[in-house]
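Each chain gets a letter, A, B and so on, in the order the sequences are listed, and its residues count up from 1.
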Amino acid sequence: MSSLSILILAPLLLASFLATLVGIWRLTWAYIITIIGIALSLAAASVGLFRVLQEGTLRHYLGGWPPPFGIEYVLDHLSAFMAIIIVFIGFVIVIYPPGAGLYHVPRKGVPMYGLVLLLISGLIGVVVTGDLFNLFVFLEIYSLASYALITLGGNRAVVASFRYLVLGTIAGGFYLLGIGFIYFSTGTLNMADAAQLLPALYSSPTVVAAAALIVIGMGIKLALFPLHVWLPDAHSYAPPVIAAILAAVQIEVAGYVIVRMMLTVFRPEYFIEILPITSAIGWVAAVGIIFGSLMAIAQKDFKRMLAYSTVAQVAYVGLGIGLANPLGLIGGLLHILNHAFMKSCLFLIAGGIRFQTGLHEVSQFAGLGRKMPLMMTAFTVAALSMVGIPPTCGFFSKWYLILGSVEDGNWVFVAVILGSSLLTAVYFFRIMEKLFAAPPSNDEAVTKATEPSPKIVVPILVLAIGILVLGLINALIVTRVLWPVVALLPTG
Amino acid sequence: MVELFIARYVYLMIVVLLIIGLYGMLGKRNLLKKLIGMNIFQTAIFLFFIEGATKAGGSVPVIDQQLGMAAAQYVNPLPHALILTGIVVGLALTGVALAFILVIYRAYNTLDDKAIMKEMSK
Amino acid sequence: METYYSLKPLLAVLVSLLAVVLIVIPNQRPNVRESWTIMAAVAKFTIVLSMLPSVLQGQYPEITLFAISPGIALALKVDSLGIIFGLFASLLWVLASFFSIGYVRGVPEHKQTRYFASFAICLSATMGIAFAANLLTLVVFYEILTIATYPLVIHKETGEAIAAGRRYLVYLLTGGVALLLALALTYQISDSVDFRAGGILPAGIGKSSLILLFILFLTSFGVKSAIMPMHSWLPAAMAAPTPVSALLHAVAVVKAGVFGFARTIGFIIGPGLLQKSGMGDFLAVLTAITIIVASLVALRQDNLKMRLAYSTVSHLSYIVLGLALFSPSAWIGGLLHIVNHAMTKITLFFCAGAIYVRTHCQNVSEMNGIGRQMPITMSAFTLASLGLAGIPPINGFISKWYLVQGTLDVGQTIYAATFLISGLLNAGYLMSIVCRAFFRGSDKFVKYGEVSPSMLIPLVLTAMFSLLLGLFPDQFPFLFQLAARVASNVLGGGGP
């Protein structure tokens, strides 16, 4: 029994209220409150991870009401893993200067920090809650916050956000229907309790419908092909910092929900054998990987390219879920971590370039490598990781996915993973050619470009170094944190 | 078969409303109509929960001395609480969406989805 | 055959990585920068050399770093095969560094910092490949090598260089992808990826799995070894500056490919399984064709570097053909040829670079009479050419002798004929250059002279080493002994 799960959540919620109020008066104080809030939350998440690794699952009953009546907060290996990713990336993103991250500092009165904190707290809430409806509440919290934050990118962003709103509501609605079915069949909303009551009801059509609705709903939020249509616009028009959070963390949380359903609520056999859910997800993800990679190659705008790349990368997570064997799922979960670092690094670089030079189309980047060496080194590291070159972290998630596919005998998946590495190389090396090898353009924006200020470069470098470090210590992460998570899966 | 319909007619209506809502959100081009579709969709879900909460002969879930403590006498209040939350969420979503529509109209002077996409891609 | 814990393998890999930082920082002071390169190169060679005595005794230094995947560790171990490769790659890096300095200042080349920094990373990766104790470690360094060599290939940043770079990446990354799959399959089949002489695949392995595995390894290492038809990146990569071509594409990158073959055939699949499945014969045929065809194409090249490129393609297949045959002599010949070809080919490339710096002349047809003005350079060229053709007493003869001996051992006289014909063709395309240089007159080269010492000395040294290795093959550094030990371990079936 430990309140750590709440302690990760509480500073964020409190800070969001305070930051909004104070922000009306003075923005810098709101910034300070935000930093303190996230720092506290990060500390709690780290402590939580260590305690979970030592002691196992930590539970907290909200208000002292015992389950299954009360709302329970659970911190197990998977939750702790997700929580620390979310808060860490959130922290790096918050210290990135808003002038670069948001295209321009918003007017006074825009509750920018409050919304970001709400976004992060919603994400954390989803991963630490042990109650199905509570998950819905936090889901809507973070979704709403993100709809609002996307619009900071201008008029086009508002349109994109509206479309995202509509589709996201469908997703939330399906999820709500799904848990409604679960509640009416089992009488409980508590995840652990439902896990005990559901097996008796596996053959009931209600439960089948519940599983299907929840997976489809989360599939929309996970941008699984062909439910991805909201993503390219939303991510490319959103300001860089917001796109970073969206692509790096928010989407993956939908993947977490599916994994949680599969492992904890429904028990793996249900998703794997009784209903062909994992196969469906796997095949759809395979198509998504190829589709996303191909579309990324076709893009000229840097952020739009990253957006389609996200569709492909998140589909790797889907592939990991779809393989449903321990190695495959480890690959998928590890990719959540790796993609968070890689994608946020790339989006922050996009923001930095735009801030310094105003450029956003890849063809205009010619010769920038010389002018911004540190940023471009970070870009190289992130790009190599996306392609999957060791010892960056991206190589290792692909390694586990391939091992999982080979073990499953699924050669199509193997071909998809390997082929997409090559496709990813195409669109990233094209940029690197432009950056490093092409003759510098005469565009004044490029000739006068210099390395951005340390406030912009430092978060990017932190992420780039993280990419390398995570690659080297990946075995540690897999054995200590992820093995217990996938222990529930049937092997062989 | 017919008894099934008569007994579960509410669920049937819920399905119809869901489909209308989905059609509105995905099939209609006007942004405001999409929003209305969204509301209908959400209302359908709320109705589903409420219907699931009802019991034959159940009364309002406030403990009445005459009816006693047996749970079967009262309608299930839990889904009602869920729905209250859901309604608030729906309200917030509608408010945000309306704000978006205002901005979009000011920027593009139209609420037609196709025309806006065309404007955006220029 | 014991192993002992030692930091030296790790140091050998890291010393040039650390040097990268030192090379990048003094961007504006070339002399400081170059001295770091030289110091790193000398340090690396010294470290590797210091491990030679114990390896000769049968004591292999090793170090296991940390688990990089559950159950597999990033580990380095210096065994007889590894030290052959490591020793010569590091020695030639020292010489190539001196040569590079003269070259980039003589041309002059731009972006020298990027050049030297990339070179340093490449050599780290090469050491990592040489000393990798298991296949995963090798793959990690293999991929790093691919990426680190890219900036060097596109160095000139001309359209030709960028196109060459693209082709380079396509070929090598595809190879890398195949290698990754081969690695995964190996791990799946044998539950281990450690190198063990004689192979680690279970004896009962299914034929189709074996063939699939072999094809994957062939694709990945074959690309770097430029076996036809996966060779066309190599001539294209001649768009790089000559020292790059010299070290990387005559010595490091391509030798990493054949080294990969040696590790795969000797230590993963095992020569026994290779023979039984018929894959050995398949590989032999493929490489024999490459030897002849590449030599024929070389004859027709006017650009000197192109000619040398195709010659490299041909000679790499000498090595792989040796490895494909189940005979100790063939293995010895192949392994010795790794060093001999490297030594002679790098001499030829150094000469080509010297000629370019002095005369900006790239085509053979324009090199009439150059021997008079650059006698030292062309003498070295002659020596190396004789070596490659297999004329005693230069080192090329020794490896060729053993290779031919090996083909006769297994009764495949057709491959013996292949080697002999190729020797004649070598003489054809190399000696014709020598003849042109010395025996044809021209007014063109009256004004020029030899290149600066920093370029001249390395090429003289490599030529002399070629001669010495040919005259005293059994002396220091005891290559013959090392190669023989590898062959007996691998073919005898057992022991590291």
Inter-residue atom distance [X].[atom1] - [Y].[atom2], 0.5 Å rounding:
{"X": "A:Phe136", "Y": "B:Thr85", "atom1": "CZ", "atom2": "OG1", "result": "8.5 Å"}
{"X": "B:Ile45", "Y": "A:Leu176", "atom1": "CD1", "atom2": "CG", "result": "5.5 Å"}
{"X": "B:Ile104", "Y": "A:Asn155", "atom1": "CD1", "atom2": "CG", "result": "8.5 Å"}

With a 4.5 angstrom heavy-atom cut-off, is it the side chain or the backbone of [X] that approaches chain A, or both, or neither?
{"X": "B:Ala99", "result": "neither"}
{"X": "B:Ile116", "result": "side chain"}
{"X": "B:Phe41", "result": "side chain"}
{"X": "B:Leu31", "result": "both"}

Give a yes or no on this: more than 12 heavy atoms of other residues, nucleotides or ligands lie within 6.0 Å of atom NZ of A:Lys300.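 Atom NZ in A:Lys300 is not packed in, count stays at 12 or less.
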Most heavy-atom pairs under 4.5 angstrom with chain B, which of A:Phe162, A:Tyr237, A:Tyr147?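 Looking at each of A:Phe162, A:Tyr237, A:Tyr147 in turn, A:Phe162 comes out on top.
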Winner by heavy-atom pair count (cut-off under 4.5 Å) against chain B, out of A:Leu177, A:Thr151, A:Leu189: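 When all of A:Leu177, A:Thr151, A:Leu189 are compared, A:Leu177 has the most.
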Of the backbone (N, CA, C, O) and the side chain (C-beta and beyond), which part of [X] lies under 4.5 Å from a heavy atom of chain B, both, or neither?
{"X": "A:Ile170", "value": "both"}
{"X": "A:Tyr164", "value": "neither"}
{"X": "A:Ile141", "value": "neither"}
{"X": "A:Val166", "value": "both"}

Run the numbers on B:Phe49 and A:Phe133 for ring-ring contact (aromatic ring centres under 6.0 Å, His included), then give the verdict. CA-CA 12 Å; B:Phe49 272 83; A:Phe133 188 74; 7.2 Å; no
So A:Arg156 and B:Tyr108, do their side chains get closer than 4.5 Å, heavy atoms only?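 Of all side-chain heavy-atom pairs linking A:Arg156 with B:Tyr108, at least one is under 4.5 Å.
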Could you point out which residue of B:Lys34, B:Met25, B:Met117 forms a side chain to side chain contact (heavy atoms under 4.5 Å, CB included) with A:Arg163?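 By the side chain to side chain contact (heavy atoms under 4.5 Å, CB included) criterion, A:Arg163 pairs with just one of B:Lys34, B:Met25, B:Met117: B:Met117.
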Side chain to side chain contact (heavy atoms under 4.5 Å, CB included) assessment of A:Tyr183 paired with B:Asn76: CA-CA 12 Å; A:Tyr183 176 67; B:Asn76 189 346; 2.9 Å; yes
Between B:Val103, B:Leu93, B:Ile101, B:Leu78, who has the most heavy-atom pairs with chain A when the cutoff is under 4.5 Å?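 When all of B:Val103, B:Leu93, B:Ile101, B:Leu78 are compared, B:Leu93 has the most.
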I need the minimum non-hydrogen distance between B:Pro79 and A:Phe184, along with the two atoms involved.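 Closest approach of B:Pro79 to A:Phe184: CG-CE2, 4.1 Å.
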